[in-house]
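Report on the structure given below.
In this chain, residues are counted from 1 in sequence order. Treat the numbers as computed from the prediction; the structure is a model and nothing was measured. Any value given below was found using the heavy atoms of this structure, including those in side chains, with hydrogens, waters and symmetry copies removed.
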Amino acid sequence: MPKYRVNDAAVDHAHHLIDARRYVLRSRWGDVQPSAADATRYLKTHTWDEYAAWHLGLTDGADEHTKRRYAFVLGDYTRIHRMGIISCHYRAAEWGHKDIELAAHEILQYLDNSRK
């Protein structure tokens, strides 16, 4: 099983999106989660750093500037999705990636507290 570390740029990006109110509170994540084809389209007009900012996890040992490097996508490349954050939290908890789980939890709390 791959090992991951938290992508601090994604945490910062998530906070920025939340502060800018670029989020979706209710969505069917399975219907809106970006596909591999969506990622390829995004990369045609964006940098790898911009792509990376949407992914909470960095895969240890994976080459930079490859899709394999980035995991735990938080949004649809335009807005962060609350259900995307919850999905990251759940998947990370399920597979024992504690740092990713805690980072997703922190982002979820940040989103929920921003709406008060």
Is there a path of hydrophobic side-chain contacts, each under 4.5 Å between heavy atoms of I/L/V/M/F/W/Y residues, joining Val73 to Val24? no
Less than 4.5 Å apart, any side-chain heavy atom of His55 and any of His13? no
Determine, step by step, whether Asp76 and Thr78 satisfy the side-chain hydrogen bond (donor to acceptor under 3.5 Å, both in side chains) criterion, reporting the C-alpha distance in whole Å, the side-chain angles of both residues, the deciding distance to 0.1 Å, and the verdict. CA-CA 5 Å; Asp76 62 11; Thr78 59; 2.7 Å; yes
Any donor and acceptor pair, going by atom type alone, linking the side chain of Asp38 with main-chain N or O of Ser35 inside 3.5 Å? yes
Can you check whether Arg69 reaches Leu58 side chain to side chain, under 4.5 Å on heavy atoms? yes
Crowded around His46 NE2? As in, over 12 foreign heavy atoms under 6.0 Å? yes
Using the rule that two of Ile, Leu, Val, Met, Phe, Trp, Tyr join whenever any of their side-chain heavy atoms come within less than 4.5 Å, decide whether Trp29 and Ile86 are in one cluster. yes
Heavy-atom side-chain proximity of Glu101 to Lys98 below 4.5 angstrom: yes
On a heavy-atom basis, the closest approach of Pro2 and Thr59 is CB-CG2, 4.0 Å
If only atom types and distance count, is the side chain of Lys67 paired as donor or acceptor with the main-chain N or O of Ala36 below 3.5 Å? yes
Answer whether the closest heavy-atom distance between the side chains of His89 and Leu108 falls below 4.5 Å. no
Could you give me the CA-CA distance, side-chain angles and deciding distance for Asp112 and Arg82, then say whether side-chain contact (heavy atoms from CB on, under 4.5 Å) is met? CA-CA 9 Å; Asp112 289 348; Arg82 188 171 188 277; 3.0 Å; yes
Measure the spacing between CG of Leu74 and CG of Leu56 and express it to the nearest 0.5 Å. 5.0 Å
Rounded to the nearest 0.5 angstrom, the NE2-OG distance for His15 and Ser114 is 10.0 Å
Salt bridge or not for Glu94 and Arg91, using N-O below 4.0 Å? no
So OH of Tyr110 and CD1 of Ile85: to nearest 0.5 Å the spacing works out to 11.5 Å
Measure the CD1-CG distance between Ile107 and Leu102 for me, rounded to the nearest 0.5 Å. 11.0 Å
Lys3 NZ to Asp99 CG distance, which is reported to the nearest 0.5 Å: 11.5 Å
Between CZ of Arg21 and CZ of Arg79, what distance do you get to the nearest 0.5 Å? 15.0 Å
Beyond-backbone contact of Ile80 with Leu111, side-chain heavy atoms, under 4.5 angstrom: no
Heavy atoms, side chains only, cut-off 4.5 Å: are Phe72 and His97 in contact? yes
Do Trp48 and Tyr4 land in one hydrophobic cluster if side-chain heavy atoms of ILVMFWY residues count as linked below 4.5 Å? yes
Counting only heavy atoms from other residues, nucleotides and ligands, does the tally under 6.0 Å from CZ of Arg26 exceed 12? no
Report yes if the side chains of Trp54 and Tyr70 come closer than 4.5 Å at any heavy-atom pair, otherwise no. no
